[in-house]
Amino acid sequence: MKKEEDFFQAVYQIVRLIPFGKVTTYGAIAEALGSKKSARMVGWAMNASHRIPDIPAHRVVNRNGLLTGKMHFSTSEEMQRKLEAEGISVIGDKIQDFERYIWKPIELITLD
DNA sequence: CCGTTGACGCCAT
DNA sequence: TATGGCGCCAACG
């Protein structure tokens, strides 16, 4: 197992831990991995997540609650549709009441 | 080898 | 509020 693959698996594992009806951000995942400034690498890993089954990629958005990755789904509506199916309102590619649905993986580690 | 490009985020203006 | 620059770092031509 190469290290590069470990990074991918770490990202996928965290994404799989996102609860139903909740969302998280690229930055939050990067922070949980110990590379807070490497949010781009998380997005890079997510771009390759299509070949991995059972990855709720629609629950990962940017820090503003914007669906920046919607164009990477089968259709541009897929991401929003899945989020709304979980009770999350999306208007103009932006999650409404974002703070209410955010879930941070770093809290699993901090755990105070 | 080098310049560009990105499912990002923070800061300056 | 909006826009641009920079750090980050792997992939690609």
Side-chain angles (χ1 to χ4, degrees):
Chain A
M1 177 81 84
K2 291 188 295 186
K3 292 181 179 178
E4 297 77 45
E5 296 178 337
D6 289 339
F7 178 80
F8 277 66
Q9 294 305 315
V11 173
Y12 301 150
Q13 181 56 43
I14 290 175
V15 174
R16 272 191 275 251
L17 292 175
I18 305 174
F20 181 95
K22 290 286 185 177
V23 296
T24 192
T25 70
Y26 303 96
I29 294 174
E31 185 175 16
L33 291 176
S35 303
K36 190 177 181 180
K37 295 180 179 179
S38 299
R40 289 192 99 121
M41 295 302 95
V42 176
W44 169 61
M46 291 307 295
N47 189 37
S49 71
H50 290 295
R51 59 192 179 81
I52 309 295
D54 304 314
I55 301 293
H58 60 285
R59 297 190 185 132
V60 184
V61 298
N62 79 346
R63 80 174 186 95
N64 298 308
L66 292 174
L67 281 53
T68 53
K70 56 178 294 187
M71 52 286 278
H72 295 277
F73 286 75
S74 58
T75 70
S76 60
E77 303 173 1
E78 188 74 1
M79 191 173 188
Q80 176 172 337
R81 189 181 65 71
K82 287 185 175 181
L83 287 172
E84 299 196 310
E86 300 188 5
I88 299 176
S89 176
V90 178
I91 300 177
D93 295 343
K94 181 178 173 58
I95 293 177
Q96 302 303 298
D97 202 2
F98 184 53
E99 290 295 319
R100 186 169 124 84
Y101 302 109
I102 189 76
W103 175 83
K104 297 181 179 180
I106 189 66
E107 294 178 355
L108 292 177
I109 304 174
T110 305
L111 197 64
D112 52 13

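Labels below follow one simple rule: chain letters A, B, ... track the order of the sequence lines, proteins then strands, and each chain is numbered from 1.
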Pairs satisfying salt bridge (charged side-chain N to carboxylate O under 4.0 Å, His left out), at least one member in residues 17-31 of chain A, at least two apart |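 Salt bridge (charged side-chain N to carboxylate O under 4.0 Å, His left out) check on residues 17-31 of chain A returns no pairs.
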Take atom CG of Asn64(A) and atom P of dG9(B), then tell me their distance rounded to the nearest Å.
->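 From Asn64(A) CG to dG9(B) P: 7 Å.
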dA11(C) P sits how many Å from Phe7(A) CZ, rounded?
->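 Rounded to the whole Å, the gap is 11 Å.
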Could you walk me through whether Ile14(A) and Leu33(A) pass the side chain to side chain contact (heavy atoms under 4.5 Å, CB included) check?
-> CA-CA 9 Å; Ile14(A) 290 175; Leu33(A) 291 176; 4.0 Å; yes
With ILVMFWY side chains joined below 4.5 Å, transitively, what does Phe20(A)'s cluster contain besides itself?
-> none
Remaining members of the apolar cluster that contains Leu83(A), side-chain heavy atoms under 4.5 Å = Val23(A), Val61(A), Leu67(A), Phe73(A), Met79(A), Ile88(A), Val90(A), Ile95(A), Phe98(A), Tyr101(A), Ile102(A)
Regarding [X], tell me which of base, sugar-phosphate or nothing describes its non-hydrogen contacts under 4.0 Å with the strands shown.
| X | result |
| --- | --- |
| Ala57(A) | base |
| His50(A) | base |
| Asn62(A) | sugar-phosphate |

Partner residues of Lys104(A) under the salt bridge (charged side-chain N to carboxylate O under 4.0 Å, His left out) criterion, sequence neighbours left out = none
List for me each residue that meets salt bridge (charged side-chain N to carboxylate O under 4.0 Å, His left out) alongside Asp54(A), sequence neighbours excluded, and say none if there are none.
->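 Asp54(A) satisfies salt bridge (charged side-chain N to carboxylate O under 4.0 Å, His left out) with no residue once adjacent residues are dropped.
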Test side chain to side chain donor-acceptor pair (under 3.5 Å) applied to [X] - qualifying residues, sequence neighbours left out:
| X | answer |
| --- | --- |
| Lys70(A) | Asp93(A) |
| Arg59(A) | Glu86(A) |
| Arg63(A) | none |

Under a 4.0 Å heavy-atom cut-off, which of residues 15-34 of chain A touch DNA chain B?
->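 Result for residues 15-34 of chain A: Thr25(A), Tyr26(A), Gly27(A), sorted by number.
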Counting only non-hydrogen atoms, which of residues 71-103 of chain A are less than 4.0 Å from DNA chain B?
->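 Residues of residues 71-103 of chain A that come under 4.0 Å of DNA chain B are, in numerical order, His72(A), Phe73(A).
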[X] and [Y]: same hydrophobic cluster, using ILVMFWY side-chain contacts below 4.5 Å?
| X | Y | value |
| --- | --- | --- |
| Leu108(A) | Phe7(A) | yes |
| Leu66(A) | Ile29(A) | no |
| Leu17(A) | Phe8(A) | yes |

Looking only at atom P, what distance separates dA7(B) and dG13(C), rounded to whole Å?
-> 16 Å
Provide a list of protein-nucleic acid N or O atom pairs under 3.5 angstrom, restricted to nucleotides 10-13 of chain B.
| from | atom 1 | to | atom 2 | distance (Å) |
| --- | --- | --- | --- | --- |
| dC10(B) | OP2 | Arg63(A) | NE | 3.1 |

What's the shortest heavy-atom distance between Tyr26(A) and Gly69(A), and which atoms?
->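 Tyr26(A) and Gly69(A) have their closest heavy atoms at OH-N, 4.3 Å.
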Collect all protein-nucleotide pairs involving nucleotides 1-8 of chain C in which both atoms are nitrogen or oxygen and the distance is under 3.5 Å.
| from | atom 1 | to | atom 2 | distance (Å) |
| --- | --- | --- | --- | --- |
| dG7(C) | O6 | Arg40(A) | NH1 | 2.9 |

